[in-house]
Every structure is written in C-alpha cells, then in structure tokens.
Number of protein chains: 2
Amino acid sequence: MAKTNLLAADGGFEQPCPIRDVLDRIGDQWSLLVLDALEGGTKRFNELMRELGDISKQMLSLTLKRLEEDGFVRRTVYPEVPPRVEYDLTPLGHSFLVPMRGLVAWADEHHRLVCEARTHYRTAAK
Amino acid sequence: MAKTNLLAADGGFEQPCPIRDVLDRIGDQWSLLVLDALEGGTKRFNELMRELGDISKQMLSLTLKRLEEDGFVRRTVYPEVPPRVEYDLTPLGHSFLVPMRGLVAWADEHHRLVCEARTHYRTAAK
DNA sequence: CTGTATCCCTCAAGATACTG
DNA sequence: CAGTATCTTGAGGGATACAG
C-alpha cells in the first residue's frame, strides 16, 4: 500500500496535503499570471493591473495577499503620499517557477494533441 | 510587449490559452488523483472508487469523461454481462505525468517553507 | 494610488436515487 | 457493475462603491 503516495488526498490525517496546498494556488484563476508578471521584476499594484489587463482590483488584491501569505511574494510599503507599494518574488517564488516552466512547456508542446483528442472525441459522437 | 507570453490569458484572441486548458484539468479536485491512480496500470471503475476512497460516483464519472475527452485516458468497454469497463493512460497521459512529477517534487520539498511563511505571516498580525 | 466592503452569479462538487 | 439524473450547497470570482 505504500505506493508513490505523493498525491494522496491527505498525508494520512495530519496536514493539508502538500500537493493540494500548492495546486490550489496553481489552480486559481490568477496566481500564475501574477507570478509570471512578477518574474519580470518588481511591480506596483496598478502596474500589475495594467499588465494583466482583465483582472479586477479585488482579485488582484486577494491573489497578492495569498501569494504573500504563502511566501511567494514580498510586499513592500513606502510611507509616502501618495502611497507606493511594491511587489516582487521571494526566492521561494522564483524557485517555484522552475518546475512550473516545465509544465508550461509541456502544455505548449501538447496543446495541439489535446485539441485533436477533443475533436475526435466529439466527432465520434459517442 | 513580446515577453515570454507563455501565460497569457489568451493567445491573443484565438484559441483558449494552452496553459489554462491544462491548468483547468490540474486545478480540479480529482483529475490528478485519477491520473496518479491510473499510472499503476489499467483499472476498472469500482477499483478506482475504492482506491480514491472519498470520491463520489458522479465526480469519478465526470472526471474520467473529461480526461478521456482530452486524450489523457482511454476507456475500453467489454460487451459482457455484467458490464466491464477499463481505464488506462494514453501515451499523452503518461507524458503529462513527467512535468507533473517535477511540480509534485517541488511541493514536497518546499511545503515546510510555505507553512512557515504562513505562520510568520499570521504572527506578524499585520 | 492602493486597496477594502458589498452584492451577485456561476459553476464545481457532494448526496442520493434511479437505469441498463 | 457502471454509470446518469436531479437537487443543493459553497467557494471563486466579477462589478462597483467606498476608504486611507
């Protein structure tokens, strides 16, 4: 029963599953886009808004908060008027992007196959 | 503006974003668990039910259908009584698990850091 | 400028009952 | 055995107005 239990829904009973923990951040609509945008360097709130294009203030705020909470992003407030807040990736954030790039590359390479599979599935009509 | 636009919400306007396409499958609650279970070899419906433990029939059925549609999983029906249906990974499904393992490994290695970051975030109280 | 508060809506997912 | 149909709930996410 040992198996490669890396994806177990639960490490037994204790902690929330490590993979789920990370996957929840990946799965949400915006975290990856934000991480990607920040890989280019330090950014301010409105800068991210513009760069992501179609994200709402609320979601950007929430996403950044979660990423900060999980240690992927660092938030720096400058006590000026008007207020200035900068976001950048922590080392943890950067290191996360490494395996992530692998996945992105896979998606890029195989997207066509997935699309074909879907088409075939549908024309087979079941 | 060229950038590494790998994570663009949309390839411009055309197809659904390749990454999003894959991520949606990763993001859902069960796809990864099912893929993982099938890596061990061909399985039947109830076998998967037992192995995953806490998945409902409905979600297993839906998840398998989506994975089949995307070409990750193959479904084979044997015209017997009682009915027998077997599921296994396609080459595409197998190849997908390669980058996925990278991500899982990262999660495993860094989960402690994420937890610490959360604790620190909370004790900092804001 | 940098957010938070509020309202609403959609859709993933659980429970249960029924079917071939 | 291997599913589908139906109902319900709850979290995620959009829009907008307000606040420091």
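Order of the sequence lines fixes the chain letters, A, B, ..., with proteins taken first and strands second; residue numbering starts at 1 for each chain. Computed from heavy atoms alone, side chains included, the values below leave out hydrogens, waters and symmetry copies.
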[X] side chain, from C-beta outward: closest of [options]:
{"X": "A/Pro83", "options": "D/dG14, C/dT2, D/dA2", "result": "C/dT2"}
{"X": "A/Trp30", "options": "D/dG13, D/dC1, C/dC1", "result": "D/dG13"}
{"X": "A/Val85", "options": "C/dG3, D/dG13, D/dA2", "result": "C/dG3"}

Going by an N to O cut-off under 4.0 Å, is there a salt bridge joining B/Lys65 and B/Glu69?
no
Determine, for B/Arg118 against A/Asp70, whether the closest basic-nitrogen to carboxylate-oxygen distance falls under 4.0 angstrom.
yes
How many Å lie between [atom1] on [X] and [atom2] on [N], as a whole number?
{"X": "B/Leu62", "N": "C/dA15", "atom1": "CG", "atom2": "C1'", "value": "15 Å"}
{"X": "B/Ile55", "N": "C/dA12", "atom1": "CD1", "atom2": "P", "value": "15 Å"}
{"X": "A/Met49", "N": "D/dT16", "atom1": "CE", "atom2": "P", "value": "12 Å"}
{"X": "A/Met59", "N": "D/dG13", "atom1": "CE", "atom2": "P", "value": "4 Å"}
{"X": "A/Gln58", "N": "C/dG3", "atom1": "CD", "atom2": "C1'", "value": "11 Å"}
{"X": "A/Arg75", "N": "C/dT2", "atom1": "CZ", "atom2": "C1'", "value": "8 Å"}
{"X": "A/Leu64", "N": "C/dT2", "atom1": "CG", "atom2": "C1'", "value": "11 Å"}
{"X": "B/Tyr87", "N": "D/dA2", "atom1": "OH", "atom2": "P", "value": "8 Å"}

Name the one of A/Asp28, A/Val22, A/Asp21 that satisfies side-chain contact (heavy atoms from CB on, under 4.5 Å) with A/Arg25?
A/Asp28
B/Trp30 and side-chain contact (heavy atoms from CB on, under 4.5 Å): which single residue from B/Leu60, B/Leu67, B/Leu64, B/Asp54 fits?
B/Asp54
Under-4.0 Å side-chain N/O to phosphate OP1/OP2 contact, [X] with [N]:
{"X": "A/Arg44", "N": "C/dT2", "result": "yes"}
{"X": "A/Arg66", "N": "D/dG13", "result": "yes"}
{"X": "B/Lys65", "N": "D/dT4", "result": "yes"}
{"X": "B/Ser61", "N": "D/dG3", "result": "no"}

Answer yes or no: side-chain N or O of A/Glu80 and base N or O of C/dT2 forming a donor-acceptor pair under 3.5 Å.
no
What do the steps show when you test B/Phe45 against B/Val85 for side-chain contact (heavy atoms from CB on, under 4.5 Å), and what is the final call?
CA-CA 7 Å; B/Phe45 191 88; B/Val85 180; 5.7 Å; no
